[in-house]
Undergrad: 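Dropping the structure in here first, questions after.
For ligands, and for the atoms within them, numbers begin at 1 and follow the listed sequence. Positions are given from 1, in the same order as the sequence printed here. No hydrogens, no waters, no symmetry mates; every other heavy atom, side chains included, goes into these values.
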Amino acid sequence: MKLWGGRFTTAESKLMEDFNSSLSFDKTLYKQDIAGSLAHVKMLFKCGILSSDEETLIIQGLEQILSKIEDGSLAINGNYEDIHSFIEAKLTDILGTIGKKLHTARSRNDQVAVDMRLYAKEKAVDIILETEALINVLKELSIKNDGVIMPGYTHMQRAQVITLKHHLSAYISMFKRDIKRLRNAIEILNENPLGCCALAGTTYDIDRAFTAKELGFSKPVDNFLDGVSDRDYLIELLSAFSIIMMHLSRLSEELIIWSTKEFGFIQISDEFATGSSIMPQKKNPDAAELIRGKTGRVYGALVSLLTTMKALPLAYNKDMQEDKEPFFDAVSTIQASLKIMAEMLKSLKINSSKMKEAVKMGFLNATEVADYLVLKGMPFRDAHGLVGSIVLYCEDKSKAIEDLSLNELNQFSHYFDESIYEYIEYQNSLDKGIKKEMK
Ligand code: ARG
């Protein structure tokens, strides 16, 4: 039986019923739906719209449905249009006529808006905690590898010496900003749409501030049409999720490159790699590749919902049912990706000697050699050119700059004396440069 069957004379086509039904995916919202109904019923009693007995019975009925769903004795399936119809039908099975009073002064439009806001808020909080856990793993990895130096890159070419700690702390900064974005999105969405009803509120004298408080919202929404018909808060969260995935994907990309034989900077644990069915020697960084791949999927959810919403007239339109699957999918994708990344980093092996070797053969103290000549009185542009020819010479001889004798250096310039070796020592460059920033 449909919730809205009254004005219809012909039954819905089976094709249409299947096309319209959202139960297979909005069953995810059963907890939020029951929480919303509990707050609503308490408010209806407080405002004198339901009697005390009716309130008590409906609350007991809803709690019974919740515990049966949770213990597995009530499966969410069957010929119901959505989770809202399912729960109302189950309540009516238990209570008879009284169950039918639950929906007084409410529409599924404000009901689903409440469910989605509660769900979005809860998941955003979980994702903040998971991002914080990842930050802690990055910090531990830095501490474990304190003092490890590596090349810093621009254009994927070795540029200047940095520490692994500095590299990892760039990601820590990114993830900290991601958390700020999520907190901000939560603050913006934290308003109560319950009581907007279909689009124009209700003639009953209801108390929206009461349900706001019951459900943990900061206040009721200002405008009824807006409350039931915008999904900007989901779009904002999807945008924040996409940025987190973008950061995870860049980190994944680096782990993939660093774990190649060509780099050899790190070793990803066997737990997070797979082999090849044909090439026995292979160990593939699948976990990192999947995070990189799933990033596209989360971007897809963002673009999908932006597109769904872009031409909808006010207020509710059924198109908006299409918010759920992409949002739920993005939530589970980002949660899995954050967890896998944290676990993969916990078991990561750093090959510090390979990193150091890349620093040495990358002429990463060339800028310091030029700075040295400038201190001795040479104009920077001339120093830059001169060090360029030293690098060419070193490449020819397969030597690092610090491996050249003073004699060799003096063939390029008489400004060089013994002090050059200490000046271009990698640790000294770090102390003079990056360390300042870390303070
Ligand atoms: N399943 C619907 C959705 O997700 C619930 C709201 C239905 N409202 C309506 N007027 N048919 O959007």
Undergrad: Any luck finding a side-chain donor-acceptor pair between N351 and Q267 under 3.5 Å?
TA: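 There is no such pair between these side chains.
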
Undergrad: Considering only the protein, which heavy-atom contact is closest to atom 7 (C) of ligand 1, and what is its distance?
TA: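 Of the protein heavy atoms, Y316 OH, 3.6 Å lies nearest.
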
Undergrad: For ligand 1, find out whether one of its N or O atoms is nearer than 3.5 Å to an N or O atom of S22.
TA: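 It does: an N or O of S22 is found under 3.5 Å from an N or O of ligand 1.
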
Undergrad: Which bit of E81 is near ligand 1, meaning a heavy atom under 4.0 Å away: side chain, backbone, both or neither?
TA: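 Neither; no heavy atom under 4.0 Å.
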
Undergrad: Under the 6.0 Å and 45° cation-pi test, does K121 pair with Y233?
TA: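 Pair K121/Y233 does not count as cation-pi.
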
Undergrad: Return the closest protein heavy atom for atom 1 (N) of ligand 1 as residue, atom name and distance.
TA: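 It is Q321 OE1, 2.7 Å.
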
Undergrad: What residue and heavy atom of the protein are closest to atom 11 (N) of ligand 1, and at what distance?
TA: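 Answer for atom 11 (N) of ligand 1: R108 NH2, 3.7 Å.
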
Undergrad: List the atom of T295, the atom of S249, and the distance in Å for their closest heavy-atom pair.
TA: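 Residues T295 and S249, closest heavy atoms: OG1-CB, 3.4 Å.
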
Undergrad: For K324, is the nearest heavy atom under 4.0 Å from an atom of ligand 1?
TA: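 Under 4.0 Å: yes for K324.
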
Undergrad: Are more than 12 heavy atoms from other residues, nucleotides or ligands located less than 6.0 Å from atom NZ of K101?
TA: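 Not buried by this count: 12 neighbours or fewer within 6.0 Å.
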
Undergrad: Is there a side-chain contact between L248 and M245, using heavy atoms and a 4.5 Å cut-off?
TA: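 L248 reaches M245 side chain to side chain.
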
Undergrad: Find all atoms of ligand 1 within a distance of less than 4.0 Å from any non-hydrogen atom belonging to N109, and give their numbers and elements.
TA: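 Contacts of ligand 1 toward N109, numbered from 1: 8 (N), 9 (C), 10 (N).
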
Undergrad: Taking the six-membered ring where the residue is Trp, are the ring centres of F86 and Y30 under 6.0 Å apart?
TA: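 Between F86 and Y30, the centre distance exceeds or equals 6.0 Å.
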
Undergrad: Return yes or no for this condition: an N or O of H84 is under 3.5 Å from an N or O of ligand 1.
TA: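 N/O-N/O distance below 3.5 Å does not exist for this pair.
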
